[in-house]
Amino acid sequence: MTQASFATHEVFNQSPPFCDVDLFAVDRPLAAAVAANGGAAAEQELSEFGRHWGSAAMAERGRIANENTPKLRTFDAKGNRRDEVEFHPAYHELMAHSAHAGVHNSTWSAQGQPAGGAAEVIRAAKFYMAAQVETGHLCPITMTRASVAALAAQPDLLAATMPVIATRAYDPAFAPWWTKRGMTLGMGMTEKQGGTDVRSNMTRAERDGDAYRITGHKWFMSAPMCDAFLVLAQADEGLSCFFMPRFAPDGSVNAIRFQRLKDKLGNRSNASSEVEFAGAHAVRIGDEGKGIRTIIQMVQLTRQDCAIASAGLMRSGLAHALHHARHRSVFQKHLADQPLMQAVLSDMALHVEASIALVMRLCRSFDRAPDQPKEAAYMRLLTPAIKYWVCKNAPGFLYEAMECLGGNGYVEEGILARHYREAPVNAIWEGSGNVMCLDVLRALSREADAALAVLHELTGETLGLPGAGEAIAFIGKSFRRLDSERVARIAVEKLALLAAAAALNGVSPHQAELFAATRLAANHASMYGAVDLANNDVRGLLERALP
Ligand SMILES: Cc1cc2nc3c(=O)[nH]c(=O)nc-3n(C[C@H](O)[C@H](O)[C@H](O)COP(=O)(O)OP(=O)(O)OC[C@H]3O[C@@H](n4cnc5c(N)ncnc54)[C@H](O)[C@@H]3O)c2cc1C
């Protein structure tokens with residue numbers, strides 16, 4: 001429908017909306033990274049997903065779900081407790097679309113075993129595309145998928161829940177999980193006095209027959225309308241992991257009392273609660289005293305998803321920036337044809353291309369870890385390094401993407417303001433930056449041989465790339481230092497850059513050469529575009545990023 005024009009002026013030289021695109025087909029670096037890591041056969045499935053999630057209708061759902069934030073309904077009109085969170089229908093639709101595509105479970109078989117093949121890579125490509133549209137709802141999606149790894153420590157519970165977790169239905173009803181068509185799971189670890197330091201958890205677990213009663217609180221517990229939560233609490237033998245459902249086995253509402261919802265910078269479509277447990281029913285997962293060992297299986301997977309989502313956010317920033325620059329003219333020339341803007345956009349494209357190659361390489365290690373010790377070692381050492389590097393880059397990257405749109409980038413009608421507010425959270429939750437660096441050091445000291453084998457592998461994969469040899473020497477020297485904590489950020493960043501160069505070399509060697517020349521052989525300047533790439537390389541990078 002044509003809109004009535006303004007009396008005073010015509011609207012022109014504004015870019016059209018970037019929507020109704022196939023998010024897979026327009027992203028050659030994604031397709032190449034998926035193919036290089038075993039997922040080539042899924043091209044059609046991913047293209048269907050990309051078309052659907054790239055539609056204007058899905059973008060609109062994302063906007064509406066973030067503008068109409070969840071509301072906590074603590075009591076009913078008569079003063080009875082409700083402890084329910086209401087979401088806008090758009091949020092439920094996003095959840096249903098992700099569940100329908102198996103983003104919450106497709107890396108598992110119906111029995112809760114790793115699905116094998118390239119399940120991780122294919123699902124990651126979907127997660128990456130969905131993150132370009134709406135990230136808040138991905139919080140319960142990622143936690144549900146990851147919870148299976150921890151439930152594996154309690155085979156009877158895994159067997160009972162898998163028939164409901166493994167369906168592709170989303171069922172938002174507030175009802176006992178065993179009566180539902182599909183279920184979601186959350187995680188409660190962080191308390192007021194300590195998040196990273198979960199050993200300081202004060203929440204108590206007391207035996208009650210075969211089950212437990214949990215009393216205490218959690219300071220952050222996201223997605224409170226999940227059907228069950230994996231929570232940490234102190235039992236007789238120490239910190240233990242529990243499965244706490246919203247309904248007790250007799251069908252009564254479990255004693256999970258939400259205090260309030262967090263008022264967050266971003267991630268607004270998702271609810272994050274403060275909660276008290278007043279003798280809530282729960283069953284144990286794994287042994288008493290082994291709570292961290294149990295829940296870390298879940299956390300490893302949510303860390304992986306943080307990196308995938310941050311890469312997706314950056315991809316979206318790049319695509320919107322490039323799209324705009326190709327339509328917007330300044331001084332009689334499209335922005336995309338101005339040499340200085342080309343320098344910025346191509347440098348950003350190189351960063352995203354390396355990030356997606358690295359993330360997909362990591363997902364391949366998750367696919368193959370069950371059978372291949374070398375891949376398990378890669379996964380162990382590099383998950384924290386990659387989460388650190390990819391997630392911490394996202395806020396700065398999105399700021400630059402926003403600036404490419406000028407004032408239009410800064411306003412809430414566009415998606416970049418939302419992406420920008422979302423970007424820091426992936427670095428903060430599931431282990432903040434320093435905690436990731438310490439985790440790399442832990443892997444190096446506890447599984448030194450496996451870690452050295454990974455470094456050796458990376459050495460072979462980056463042979464001849466500019467600056468790779470020096471980077472390897474630097475990493476080795478830094479991690480051998482007695483005060484390695486002091487230099488852990490420099491060394492972990494170098495390790496991630498090296499792994500990115502290696503991953504990119506397996507996808508597109510020329511881009512790996514450019515990446516190594518600008519990030520390994522030289523320290524990259526603090527701003528994007530402060531690099532000297534040849535004209536051909538600039539054109540090639542931009543054409544690959546958005547044909
Ligand atoms: C939106 C949102 C949703 C969340 N949802 C959940 C949820 O569903 N479930 C849940 O359990 N938690 C959740 N969290 C909590 C989150 O996981 C924690 O906030 C995070 O792990 C950091 O813990 P903390 O806040 O206690 O900070 P702290 O542990 O106090 O850390 C503060 C800073 O100190 C650094 N630090 C910690 N230890 C060291 C050290 N030894 N050396 C140097 N530096 C160190 C950290 O890197 C961090 O930068 C959520 C958080 C947010 C923001």
Side-chain angles (χ1 to χ4, degrees), residues 66 69-70 85 135-147 150 184-203 214 216-233 239 241-242 244 246 256 258-277 291-292 294-296 298-303 305-306 309-310 384-385 387-389 391-392 394-395 418 421-442 445 483-490 492:
N66 280 277
T69 53
V85 179
T135 33
H137 84 286
L138 291 176
C139 174
I141 292 287
T142 184
M143 290 195 293
T144 302
R145 186 297 271 228
S147 64
T184 52
L185 289 101
M187 168 167 66
M189 298 191 291
T190 311
E191 298 186 2
K192 289 175 184 165
Q193 73 286 352
T196 304
D197 186 6
V198 286
R199 282 175 203 281
S200 71
N201 273 194
M202 299 185 300
T203 298
I214 310 280
H217 81 282
K218 295 294 165 188
W219 181 229
F220 281 91
M221 196 169 85
S222 288
M225 287 309 281
C226 283
D227 297 289
F229 302 91
L230 271 54
V231 299
L232 291 180
L239 198 63
C241 183
F242 297 91
M244 183 189 282
R246 284 302 304 275
I256 300 174
F258 297 116
Q259 307 298 299
R260 58 175 178 168
L261 299 184
K262 299 287 189 187
D263 185 6
K264 298 177 286 186
L265 168 68
N267 195 250
R268 296 183 74 84
S269 67
N270 179 38
S272 299
S273 70
E274 295 166 15
V275 63
E276 278 195 89
F277 308 135
I292 296 177
T294 304
I295 211 155
I296 203 74
M298 176 174 183
V299 173
Q300 177 90 336
L301 294 176
T302 53
R303 286 176 180 170
D305 277 358
C306 287
S310 285
K387 184 198 183 266
Y388 174 80
W389 183 70
C391 297
K392 285 186 83 67
R418 168 147 56 91
R421 283 186 279 101
E422 180 74 19
V425 79
N426 283 325
I428 292 174
W429 63 14
E430 307 305 318
S432 314
N434 287 354
V435 176
M436 291 299 89
C437 292
L438 294 173
D439 199 40
V440 173
L441 294 184
R442 197 171 305 119
S445 70
D483 63 346
S484 56
E485 257 189 49
R486 187 67 60 78
V487 291
R489 279 197 173 213
I490 321 177
V492 169

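The residues of the chain are indexed from 1 along the displayed sequence. Only heavy atoms go into these numbers, but all of them, side chains included; no hydrogens, no water, no symmetry mates. Just so you know, ligand 1 is whichever comes first in the structure, and atom 1 is the first atom listed for that ligand.
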Under 3.5 Å, which donor-acceptor pairs do the side chains of residues 223-230 form with other protein atoms, sequence neighbours left out?
| residue | atom | partner | partner atom | Å |
| --- | --- | --- | --- | --- |
| Asp227 | OD1 | Lys180 | NZ | 2.6 |
| Asp227 | OD2 | Lys180 | NZ | 3.4 |
| Asp227 | OD2 | Thr184 | N | 2.9 |

N/O donor-acceptor pair under 3.5 Å between Lys264 side chain and Asn267 backbone: yes

Go through the structure and list residues passing side chain to side chain contact (heavy atoms under 4.5 Å, CB included) with Ala488, not counting sequence neighbours. Cys437, Leu441

Does a donor on one side chain and an acceptor on the other come within less than 3.5 Å for Ser200 and Glu191? no

Checking Lys262, Gln259, Lys192, His217 against Glu274 for side chain to side chain donor-acceptor pair (under 3.5 Å), the one that qualifies is Lys262

Residues in side chain to side chain contact (heavy atoms under 4.5 Å, CB included) with Val425, at least two apart? Glu422, Trp429

Compile the protein residues with any heavy atom at a distance under 4.0 Å from an atom of ligand 1; present them by chain, then by number. Met187, Gly188, Met189, Thr190, Gly194, Gly195, Thr196, Phe220, Met221, Ser222, Lys264, Ser272, Val425, Ile428, Trp429, Glu430, Ser432, Asn434, Val435, Leu438

